[in-house]
Amino acid sequence: MSISVIEQAKIQAQVLVPLVKALQAELGEARANTLVRKALGDLYRGFGEEFWKAKSQGESEADLGKAVSSAFKTYSRDDALAYDVIEQSHDAFAFDVKRCAYAEFYKALGEPELGFLLICTADFATAEGFGPDIKLTRTQTIMQGASHCDFRYGRDGGASQ
């Protein structure tokens, strides 16, 4: 059986948290965070591209609602996320995350700001990999202290905001 995404994140944190803290100490927080965002952004954008190609094989336009729903089932494995779907259609997938084990883990480490940098910012890079017509809007996260994360994926021209 494969390792769940939450378990992968916990394993990666053992290396990434001390690495990012060392980069911040050496380069300053802003410069280090920009470097980390770029490096991880490129990686996650590539993951998004691969995922989107797999979901849209043979179709002129993939079903955004089905594709993103499928992805979040993967991210939710091992009770990592609890969320309510607000809208699911061919051109949109909107949901609110009510509980996030990723945020709980980084808060327990005392590093929620690094959790946001290493986990939450990946969502936008991954969405960029879906293509230029797919947009993600999110105004708040549990990692940053909000009551829930408000994810709104939409296709330009059919996007739900």
Side-chain angles (χ1 to χ4, degrees), residues 1-57 62 64 67-85 93-154:
M1 181 173 219
S2 64
I3 298 173
S4 67
V5 179
I6 184 68
E7 289 304 315
Q8 290 175 37
K10 289 177 178 180
I11 293 165
Q12 292 165 349
Q14 293 175 36
V15 173
L16 291 176
V17 168
L19 177 62
V20 172
K21 289 180 110 177
L23 286 169
Q24 289 174 336
E26 187 69 26
L27 303 173
E29 188 173 330
R31 189 166 172 219
N33 290 358
T34 298
L35 181 65
V36 169
R37 257 189 223 96
K38 177 170 179 2
L40 293 179
D42 291 345
L43 177 71
Y44 287 111
R45 198 170 300 101
F47 288 160
E49 289 170 2
E50 289 175 26
F51 172 80
W52 197 253
K53 282 179 193 165
K55 290 293 177 185
S56 60
Q57 280 185 335
L64 178 62
V68 178
S69 174
S70 166
F72 272 85
K73 285 178 183 160
T74 300
Y75 299 136
S76 299
R77 209 172 103 207
D78 288 354
D79 199 31
L81 298 174
Y83 60 92
D84 295 330
V85 175
F93 189 67
F95 62 100
D96 291 339
V97 173
K98 301 294 191 176
R99 190 189 59 74
C100 176
Y102 301 91
E104 293 164 2
F105 171 73
Y106 273 94
K107 284 179 183 177
L109 288 179
E111 300 291 350
E113 67 286 340
L114 289 184
F116 182 79
L117 175 67
L118 297 171
I119 301 294
C120 302
T121 59
D123 297 325
F124 287 95
T126 303
E128 287 172 13
F130 295 168
D133 64 326
I134 307 299
K135 300 294 180 220
L136 167 60
T137 302
R138 188 183 63 214
T139 65
Q140 60 186 28
T141 65
I142 294 170
M143 194 80 76
Q144 293 180 303
S147 63
H148 66 283
C149 307
D150 58 342
F151 286 83
R152 305 295 184 260
Y153 288 85

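Predicted model, so just to flag it, every value in this text is computed and none were measured.
The two residues Phe124 and Leu136 have their closest heavy-atom pair at CE2-O, 3.3 Å. Here the closest non-hydrogen pair linking Ala125 and Gly41 is CB-O, 3.5 Å. Taking every heavy atom of both residues into account, Asn33 and Gln24 meet most closely at OD1-NE2, 2.8 Å. Across every non-hydrogen atom of Ala127 and Tyr153, the tightest pair is CB-CE2, 3.9 Å. Between Arg77 and Ser4, the shortest heavy-atom contact is NH2-N, 3.3 Å. Shown here for Phe116 and Met143, the closest heavy-atom pair between the two residues is N-CG, 3.4 Å.
A distance of 11.5 Å separates CG in Leu114 from SG in Cys120, rounded to the nearest 0.5 Å. With values rounded to the nearest 0.5 angstrom, Ile142 atom CD1 is found 8.0 Å from Glu104 atom CD. One finds the OG1 atom of Thr141 at 10.5 Å from the NE2 atom of His148 (value rounded to the nearest 0.5 Å).
Ion pairing of Arg37 with Asp42 is absent here, as no side-chain N (NZ or NE/NH1/NH2) approaches a carboxylate O to less than 4.0 Å.
The ring-ring contact (aromatic ring centres under 6.0 Å, His included) check on Tyr44 picks up Phe47, with sequence neighbours excluded.
Between Phe93 and Phe72, the distance from one ring center to the other does not fall under 6.0 angstrom. Here Phe130 and Phe51 bring their ring centres to under 6.0 angstrom of each other.
Checking Asp123, Asp96, Asp150 one by one against Arg138, the salt bridge (charged side-chain N to carboxylate O under 4.0 Å, His left out) holds for a single residue, Asp123.
Remark: Arg31 CZ is loosely packed, at most 12 non-hydrogen atoms of other residues, nucleotides or ligands lying under 6.0 Å away.
Side-chain contact between Ile134 and Trp52 is present, with at least one heavy-atom pair separated by less than 4.5 Å.
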Atom pairs and distances, donor-acceptor, side-chain atoms in residues 8-23, under 3.5 Å, two or more places apart:
from	atom 1	to	atom 2	distance (Å)
Gln8	NE2	Ile3	O	2.9
Lys21	NZ	Glu111	OE2	2.6

